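Notes to accompany the following structure.
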Amino acid sequence: MYFSNIINKSDQPNSASVTRATPQHRLAGIAHCSKQDQVGHNSKHVYGREQLLEVGNMVKHRKDLKILSVDVVSRIRSLKIQRRRKRGKRAGYEQRRRKMMAEFEQLRNVNHNNLISIGVDKDRHIKSQSNNIVIGLANVQSIKNKAIWFKQMLIEEEIDICVLTETWLNDNSDQWIESTELNKEGFKMEKSNRADGRKGGGIAIVYRDNYNIKQVEEKHMTTYHSVKWKLTMKNTHLHVVGIYRPPPSDTNVTTITQFTDEFIESLQDDIINSANLVILGDFNIHIDDKDNGDAQSYVECTEAIGLEQHVDCYTHKKGHTLDHIYTLVGSEPTVQNCQTRDFISDHRLIRADINIQRNDIKRCTSTSRCYKNFQLDNFKNDLMFDWSEESTLQELVQEYKSKAEQCMNKHAPEVTKSDKKENRVVV
């Protein structure tokens, strides 16, 4: 068939050469025409766009009428005679929106051209509103030059306990620890330096001063450095283990396999003896690299002893998961809402919730006198004093007050107490 020479541009057939017929006859005519073309017959059938579409509908819905040859179908497709597409659900939406905005401007007399579109930072997560303890992990690479900024970040992220790696502190940093912003005004800081005294490395913990945290263990192994702290609360306790494994270098020739063997063997005692265990730190192992055999072997070993890793996103600027948080499978505590925040160094800050309810503890300082051993007779004897007849009344009153204060401090000294009042928030 020669559709390109027959069908008009207006999709209307020529009146002189069109044979009107029913859709069934037109369908049969196309098939007959295709057969006659194969034997050299010169008869021609002319169809318009709508007629061909009608034939296509019949072929689609009636299996017994699917008699068009492959050549005919190919020819129809080459002529781009296709079914009209259905209009989308959003048809006319833009026009309706513009009309609605125009009506709104007339009612409120608002010029929307003056409004500025405010972008939303999709990487910025909303902090959880739960009352659980919030724990953090950060590879700071020298905490001295970013202490004030880091403290502000802890306040903004509402972090209660944060483990730091690569603090770069040494034995000469004790005076700095006492004066740093991280060790006053609501926060406390404790550190653990490298055993060999070299620059770099180091682990520390920064926590709010309404928590009772003590260091219970420190290990300087061949392949890593670890510190364990114990958080004691009213109804529970938590063991926090900070880990730092130095990356491979000219001075550090230990392998991931050596670290895995040493770490798993050392961790068995902690798993058996320490309830409520959380392990977090910079392991410098690309557990996200499925092609790294040593890293995947390490992952299998940690899973075999019952550790669950909660950081599922990249923590390093080069796109690898180097910082990990582990808890024991099927035991308390559990880690929730584990997220990464801004870069502290070439590592991101990690923030996570632990399902242990935090305490809102207020410190109330009170001063009082201890009357437990107060002897009234001895107090009276010491209070007596000789006074001169030449003294004025004001001088005698002042002398009596001074003598009375001395006697009170001797027999009932002042005692200052710091009381803790717990305000638990029930969610």
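For this chain, numbers begin at 1 and follow the sequence in order. From a predicted model like this one, the values you see are computed outputs, not experimental measurements.
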* Asked: Do the numbers put Arg348 on top of the ring of Phe343, so that NZ or CZ is under 6.0 Å from the six-membered ring centre and no more than 45° off the axis?
  -> yes
* To do: Would you check if the distance from the ring center of Phe187 to the ring center of Tyr211 is below 6.0 Å?
  => no
* Could you please spell out the steps behind the side chain to side chain contact (heavy atoms under 4.5 Å, CB included) verdict for Arg245 and Ile285? => CA-CA 9 Å; Arg245 173 184 174 265; Ile285 299 178; 4.0 Å; yes
* **Asp174 with Lys191: basic N within carboxylate O range, under 4.0 Å** => yes
* Contact check, side chains of His225 and Lys219, non-hydrogen atoms, under 4.5 Å -> no
* To do: Specify whether His324 and Phe283 have parallel, tilted or perpendicular ring planes, treating 30° as the upper limit for parallel and 60° as the lower limit for perpendicular.
  => parallel
* Main-chain N/O of Gln258 paired to Thr255 side chain as donor or acceptor, under 3.5 Å -> yes
* Asked: Do the rings of Phe379 and His411 sit parallel, tilted or perpendicular, given the 30° and 60° boundaries?
  -> perpendicular
* Compare all side-chain heavy atoms of His347 with those of Asp282 and state whether any distance is below 4.5 angstrom. => yes
* Pair Tyr224-Tyr244, ring pair (Phe, Tyr, Trp, His ring centres under 6.0 Å): steps then yes or no -> CA-CA 6 Å; Tyr224 71 97; Tyr244 175 65; over 10 Å; no
* **Donor-acceptor pair, side chain of Glu262 and main chain of Thr222, under 3.5 angstrom** => yes
* Asked: Does NZ belonging to Lys410 count more than 12 external heavy atoms closer than 6.0 Å?
  -> no
* Main-chain N/O of Thr321 paired to Thr315 side chain as donor or acceptor, under 3.5 Å -> no
* When you measure from the side chain of Asn183 to the backbone N and O of Met189, does any donor-acceptor pair fall under 3.5 Å? -> yes
* To do: Report, as yes or no, whether the 6.0 Å neighbourhood of atom NZ on Lys317 holds more than 12 heavy atoms from other residues, nucleotides or ligands.
  => no
* Asked: Taking Gln398 for the side chain and Tyr400 for the main chain, is one N or O donor matched with an acceptor at less than 3.5 Å?
  -> no
* **Leu164 side chain near Phe150 side chain, heavy-atom distance below 4.5 Å** => yes
* To do: Look only at the side chain of Asn276 and the backbone of Leu238, and say whether a donor-acceptor pair between them is shorter than 3.5 Å.
  => no
* Asked: Just wondering, are more than 12 heavy atoms of other shown residues or ligands nearer than 6.0 Å to CG in Leu383?
  -> yes
* To do: In sequence, state the C-alpha distance, the side-chain angles, and the governing distance for Lys290 and Asp288, and then conclude on side chain to side chain contact (heavy atoms under 4.5 Å, CB included).
  => CA-CA 6 Å; Lys290 303 302 181 182; Asp288 56 288; over 6 Å; no
* Asked: Is a donor on one side and an acceptor on the other found under 3.5 Å between the side chain of Asn337 and the backbone of Ala352?
  -> no
* Asked: Distance-only, no hydrogens or angles: does the Asn132 side chain make a donor-acceptor pair with backbone N or O of Asp353 under 3.5 Å?
  -> no
* **Check: Asp160 side chain, Val134 main-chain N or O, donor-acceptor pair, under 3.5 Å** => yes
* To do: Test side chain to side chain contact (heavy atoms under 4.5 Å, CB included) on Thr334 and Ile354 and set out the steps.
  => CA-CA 6 Å; Thr334 59; Ile354 297 179; over 6 Å; no
* Answer yes or no: is there a side-chain heavy-atom contact under 4.5 Å between Val241 and Val227? => no
* **Pairing of Glu185 and Lys151 as salt bridge, 4.0 angstrom limit** => yes
* Asked: Hey, is the main chain of Ser142 close enough, under 3.5 Å, to the side chain of Lys146 for a donor-acceptor pair?
  -> yes
* Aromatic contact, His316 with Tyr314 (centres under 6.0 Å) -> no
* To do: Side-chain contact test, heavy atoms from C-beta onward, threshold under 4.5 Å: evaluate it for Leu349 versus Leu137 and give yes or no.
  => no
* Chi angles and distances behind the side chain to side chain contact (heavy atoms under 4.5 Å, CB included) call for Thr302, Ile287 -> CA-CA 11 Å; Thr302 56; Ile287 60 175; over 6 Å; no
